[in-house]
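Below is one structure, written out as structure tokens, with a few remarks after it.
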Amino acid sequence: MITPVMPVYARANIEVDHGEGVYLYDAAGHKYLDFAAGIAVNVVGHGHPHLVKTMQAQAAKLWHTSNLYRIPEGERLAERLRENTFADTMFFTNSGAEAWECAVKVARAYQGAVGHPEKFRIITCSNAFHGRTLAGIASTDQEKLRKGFEPLPDWFKVVPFNNLAALEAAIDPSVGAIKFEPIQGEGGVTAATQEFMRGARALCDKHDLLLILDEIQCGVGRTGKFFAYEHYGIEPDVMCIAKGIGGGFPMGACLATERAAKGMTIGTHGSTYGGNPMAMAIGNAVLDVVLEPGFMEHVTAMGQRLEQSLLQMIPNHEDIFVNEPVRGMGLMRGIKAKVPSRDFVNHARASGIMAVAAAGDVVRLLPPLIIEEKHIAEAMDKLSAAARSYPVAKAA
Ligand SMILES: *Cc1c(COP(=O)(O)O)cnc(C)c1O
């Protein structure tokens, strides 16, 4: 008989009961070092006092009003994001996939507004992950996401990630935007090269295309900058964010310049819940922590420490990990395994650490951004223990 919760996830058979800082505790009393952070969501860890207090106060004050009225906390959050990014304006959503859907509409509306409705397609990249809506799965070449849901709309052209020549060659009169993740998460923790990012920006300028970045996973401090594009010395026209901005409360946003949002006029888009008072209060509370002076420096320092520690650990487990440079930036890291990464991650849980599998047998490490050196040392001990006890015969 089908389970009452639709069986679309291969869930680990543990009941997470509560969290505290960088640790999770299951109902059976086991403690886990959380280097998954709800897939890059719990940026300030679990049960952060400022977030808990904010949530409790807002819950007592007001939950929801719809977007029929002004929402002061949302106006404040938008103003703060505007001050700290390239953006002039934004639309709040409940999830990352909805932020991506909004970005597709922004691109359509922009090209329509400048008299080029025929430029409806968006160039995306191989191994991309932009969420599970139909536009989300249509915009990637990942078979496992698309399979069984075709036909999908022919609105996207997929080019190999980090191949600037292929990107340029794919621009035709039907193309109105280029979109990718500065650091692919799901796809294997692969960062865009400087050449690709700057090249994409230049091509967008040349052909009047919008550069849309998906920072749903790599944004909100994860790489040691507020947003990953800051590492590249360019600015996008549109950017999708989610995950970290809510710190665990479901929310996202599609940010845009005034020019890019030209077509988004009254009545063109909406959401019942998007930007509701609870989400906006929490978003502001996350920014209170993340924008505190010194926070990004902390992430950068911990990211370097994590990278160095992994570089030391990997050669000790040659049968488990590929000896290659650590992937990613800051506290968004990946190490390539010689065994199925999903199996390794499941196995590592028994050693008391949560991580996330990514495509290409990459083990993703996405700790809360508040981790300290001692947690990194603990992570290395636990990953090493998991590597030592991994039944290698199973992998062959
Ligand atoms: C998680 C993710 C999404 C989808 O976000 P949801 O909130 O699950 O809809 C889109 N893009 C990237 C890069 C992501 O990591």
Side-chain angles (χ1 to χ4, degrees), residues 6 8-9 11 35-43 90-107 122 124-142 144-146 149 156 158 161-162 177-192 197 211-223 227-229 236 238-255 271 273-276 279 282-283 286 327-334 355-360 362 364-367 369:
M6 203 178 276
V8 296
Y9 281 105
R11 294 173 194 272
F35 269 46
I39 318 187
V41 166
N42 304 96
V43 283
M90 66 206 64
F91 181 86
F92 290 114
T93 66
N94 311 291
S95 68
E98 286 170 285
W100 169 217
E101 294 280 331
C102 181
V104 175
K105 287 181 74 172
V106 168
I122 298 179
T124 59
C125 287
S126 54
N127 278 323
F129 184 81
H130 299 304
R132 297 292 202 129
T133 59
L134 287 165
I137 63 175
S139 63
T140 178
D141 62 351
Q142 284 201 61
K144 65 168 201 254
L145 303 177
R146 301 171 56 97
F149 298 103
F156 304 95
V158 182
F161 189 43
N162 278 336
I178 296 172
K179 151 107 181 202
F180 55 90
E181 300 150 82
I183 305 177
Q184 291 189 334
E186 217 70 40
V189 195
T190 314
M197 182 70 86
L211 179 63
I212 308 173
L213 293 179
D214 179 343
E215 294 228 13
I216 291 168
Q217 191 162 146
C218 62
V220 195
R222 181 135 303 268
T223 65
F227 289 101
Y229 71 80
V238 181
M239 179 170 76
C240 304
I241 70 172
K243 295 199 164 95
I245 186 65
F249 196 89
M251 66 172 294
C254 175
L255 283 65
S271 165
Y273 286 124
N276 97 345
I282 294 293
V286 169
R327 291 155 177 254
M329 290 183 200
L331 290 174
M332 179 173 182
R333 295 291 182 173
V356 195
V362 169
R364 243 185 308 173
L365 303 171
L366 304 164
L369 306 182

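Just so you know, ligand 1 is whichever comes first in the structure, and atom 1 is the first atom listed for that ligand.
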Distance-minimising heavy-atom pair for Ile212 and Ala177: CD1-CB, 3.9 Å
Atom of Ala128, atom of Ser139 and distance for their closest heavy-atom approach: CB-O, 4.4 Å
Atom pair SG/CG of Cys102 and Leu255 - distance to nearest 0.5 Å: 9.5 Å
Interatomic distance, Gln184 atom CD to Asn162 atom CG [nearest 0.5 angstrom]: 7.5 Å
With Phe180 via ring pair (Phe, Tyr, Trp, His ring centres under 6.0 Å) - residues at least two apart: Phe196
Check ligand 1 for N or O atoms under 3.5 Å from a protein N or O and list each pair with its distance.
| unit_1 | atom_1 | unit_2 | atom_2 | d |
| --- | --- | --- | --- | --- |
| ligand 1 | 7 (O) | Gly96 | N | 2.8 |
| ligand 1 | 9 (O) | Gly96 | N | 3.4 |
| ligand 1 | 9 (O) | Ala97 | N | 2.7 |
| ligand 1 | 11 (N) | Phe129 | O | 3.1 |
| ligand 1 | 11 (N) | Asp214 | OD1 | 3.4 |
| ligand 1 | 11 (N) | Asp214 | OD2 | 2.7 |
| ligand 1 | 15 (O) | Gln217 | NE2 | 2.7 |
| ligand 1 | 15 (O) | Lys243 | NZ | 2.6 |

Carboxylate-amine/guanidinium contact Arg222 Glu215, below 4.0 Å: no
